[in-house]
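Here is the structure we will look at.
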Amino acid sequence: MFRAKNLWIIHLLGWVLFMSLPLTIVSRAPRTDFPVQVLQSGWFWLFFLVYAALFYGNLLVLIPRLYLKQHYVAYTGVFVGLFVLIYFSQPFEKLIFRKFQQEQQGREVMPEPPRDGFREGRSPGPPPGPEPRRMPRPAQERAVDFVSLTLFMVIWAIAMAIRLSQEWRQSERRAILSEAGKAHAELSFFKAQINPHFLFNTLNNIYALAVSSSAHTAPSILKLSQMMRYITEEATENYVPLEDELACLENYVELQKLRLNAKTSLDFSVKGQWEGIKIAPLILMTFVENAFKYGVSNHRESVIRIAVEILGDSVQFFCQNRIIERSKDEERTGVGILNTRKRLDLLYSGSYNLDIRNDGEVFTVHLKLLGR
């Protein structure tokens with residue numbers, strides 16, 4: 001509220017300064033009521049509205065829809081077109097300078113009332129004192145209205161400066177919130193996923209494999225090591241290669257499979273070409289972790305389906321699980337999904353679609369986002 005109020009005050013002061021410039025330039029008459037006469041002229045307010053429309057049209061329409069969306073050719077074309085229009089229309093010359101001169105000259109040539117000499121039968125002579133000063137007539141038409149062109153360039157540059165500074169501040173704010181959100185998401189992931197419970201279960205499963213001399217022992221240890229290294233070292237950037245994110249996801253799924261029994265079936269697939277595509281780290285992990293937390297049972301049949309498909313620059317993620325039981329940690333999982341939404345808003349604003357459905361029996365997630 002306070003910032004919005006200050007912004008309107010700045011706009012008001014700026015327009016007061018803008019209105020004072022034509023008054024200063026055109027003022028040539030030694031009359032104390034000159035500013036009042038100009039402000040009472042409809043031509044002056046028409047001139048003001050023309051430049052106000054140019055300023056706010058550029059600030060609110062042209063810059064957001066053309067310049068910020070990188071339509072530089074169209075934006076430059078509009079600028080050149082308006083510049084040419086101002087050049088030929090000459091708003092200051094035609095709406096203020098000439099009109100005000102004509103009004104002033106009309107006031108100067110108005111006949112004066114009869115003096116006392118008419119009553120005495122004498123021909124009126126010239127009034128005593130110096131002859132009143134008349135407004136000078138321009139010797140010739142102005143070829144170029146430099147005032148209009150200069151004011152056009154000034155308001156155009158100011159509009160761009162204001163809008164770009166706003167975008168810069170918003171980008172800084174998004175970057176700060178993104179870092180904070182990413183740190184919170186990583187912390188939540190450590191608490192919910194890489195916690196002692198997960199590590200103990202995984203290590204116990206690996207120990208059982210080692211005792212039975214299973215050939216899966218060494219690969220399981222390697223997967224756990226790779227996953228921990230990725231989370232602690234690589235997943236510190238805003239975007240990481242999709243290949244690394246999928247590798248971490250696959251390692252996590254493989255480690256979770258160690259504790260699955262015949263009651264739970266898993267369908268995990270990755271399709272498409274992911275080379276050269278980047279993604280925000282740990283975005284998909286929240287939903288996969290949620291599926292294993294609530295979709296696994298030792299007594300009831302359940303199915304977990306996880307699918308990642310890459311179509312060009314688009315990454316489509318699908319995750320579905322049967323809801324076996326509700327845990328006391330459900331509130332924390334809801335916070336994790338909420339944090340994931342916030343990260344998507346910050347990092348993929350306007351370029352993602354998240355659809356989450358929970359009918360009480362099945363929990364389904366559809367996520368589509370544009371890779372970086």
Side-chain angles (χ1 to χ4, degrees), residues 182-183 185-298 302-310 315 317-321 329 333 336 340 343 365 367 371-372:
K182 185 180 69 174
E186 292 173 357
L187 180 60
S188 299
F189 181 80
F190 274 108
K191 290 180 178 179
Q193 197 58 254
I194 309 301
N195 51 33
H197 180 72
F198 170 77
L199 290 177
F200 290 157
N201 285 341
T202 303
L203 291 175
N204 285 335
N205 292 330
I206 294 176
Y207 173 77
L209 293 176
V211 170
S212 61
S213 301
S214 173
H216 298 290
T217 304
S220 298
I221 296 175
L222 180 61
K223 287 180 175 62
L224 180 61
S225 174
Q226 291 174 343
M227 183 178 174
M228 296 297 294
R229 182 182 297 109
Y230 172 78
I231 295 175
T232 57
E233 296 180 3
E234 299 180 30
T236 58
E237 302 294 333
N238 287 334
Y239 302 98
V240 297
L242 179 59
E243 181 179 4
D244 296 343
E245 181 72 8
L246 293 177
C248 178
L249 193 64
E250 184 178 359
N251 287 336
Y252 176 79
V253 171
E254 291 296 325
L255 291 175
Q256 288 287 357
K257 287 170 64 177
L258 296 177
R259 70 184 183 94
L260 299 182
N261 55 29
K263 294 289 185 178
T264 303
S265 61
L266 174 65
D267 182 10
F268 176 71
S269 64
V270 178
K271 299 179 181 179
Q273 300 294 325
W274 52 77
E275 291 80 3
I277 300 178
K278 290 190 174 183
I279 188 176
L282 307 179
I283 286 290
L284 309 180
M285 189 68 71
T286 301
F287 306 111
V288 175
E289 180 271 337
N290 182 74
F292 281 99
K293 179 178 292 187
Y294 300 111
V296 176
S297 174
N298 294 326
S302 64
V303 178
I304 298 177
R305 295 184 177 91
I306 303 171
V308 181
E309 185 175 5
I310 300 94
V315 179
F317 171 78
F318 172 81
C319 184
Q320 185 180 73
N321 65 277
D329 293 336
T333 301
T340 302
R343 291 190 65 205
V365 177
L367 174 61
R372 290 295 187 263

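Fair warning: this is a prediction, and the values are worked out from it, not measured in the lab.
With rounding to the nearest 0.5 angstrom, the CG atom of Leu367 is 10.5 Å from the OG1 atom of Thr286. In this structure, CG on Leu258 lies 11.0 Å from CG on Leu203, to the nearest 0.5 angstrom.
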Give every donor-acceptor pair under 3.5 Å between a side-chain atom in residues 215-225 and any protein atom, sequence neighbours left out.
residue : atom : partner : partner atom : Å
Thr217  : OG1  : Leu209  : O            : 3.2
Thr217  : OG1  : Ala210  : N            : 3.3
Thr217  : OG1  : Ser214  : O            : 3.0
Ser220  : OG   : His216  : O            : 2.7

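Nearest heavy atom pair, residue Cys319 against residue Ile306, reads SG-CG1, 4.0 Å. Considering all non-hydrogen atoms of both residues, Ile304 and Phe292 come closest at CD1-CD2, 3.9 Å. Residues Gly295 and Ser302 come closest through the heavy atom pair O-OG, 2.9 Å.
In this structure, the side-chain contact (heavy atoms from CB on, under 4.5 Å) partners of Gln320, at least two apart in sequence or on a different chain, are Arg305, Phe318, Val362, Thr364. The side-chain contact (heavy atoms from CB on, under 4.5 Å) check on Lys257 picks up Val253, Glu254, Leu260, Leu266, with sequence neighbours excluded.
The side-chain heavy atoms of Met285 and Leu249, taken from C-beta on, include a pair separated by under 4.5 Å. Here the side chains of Phe317 and Val288 are in contact, with some heavy-atom distance below 4.5 Å. By the 4.5 Å heavy-atom criterion applied to side chains, Leu284 and Tyr252 are not counted as neighbours. A heavy-atom distance below 4.5 Å is not found between the side chains of Ile279 and Trp274. Using a 4.5 Å heavy-atom threshold, the side chains of Pro281 and Glu245 count as touching. Contact annotation: the side chain of Tyr230 approaches that of Leu282 to within less than 4.5 Å [non-hydrogen atoms, C-beta and beyond].
Heavy atoms of other residues, nucleotides or ligands lying less than 6.0 angstrom from CD of Gln273 number 12 at most. With a 6.0 Å radius and a threshold of 12 heavy atoms from other residues, nucleotides or ligands, Glu309 has its CD atom above the threshold. For Tyr239, the OH atom counts as densely surrounded, since its 6.0 Å shell holds more than 12 non-hydrogen atoms of other residues, nucleotides or ligands.
Of the possible polar contacts, none joining the Thr264 side chain to the Val296 backbone as a donor-acceptor pair under 3.5 Å is found.
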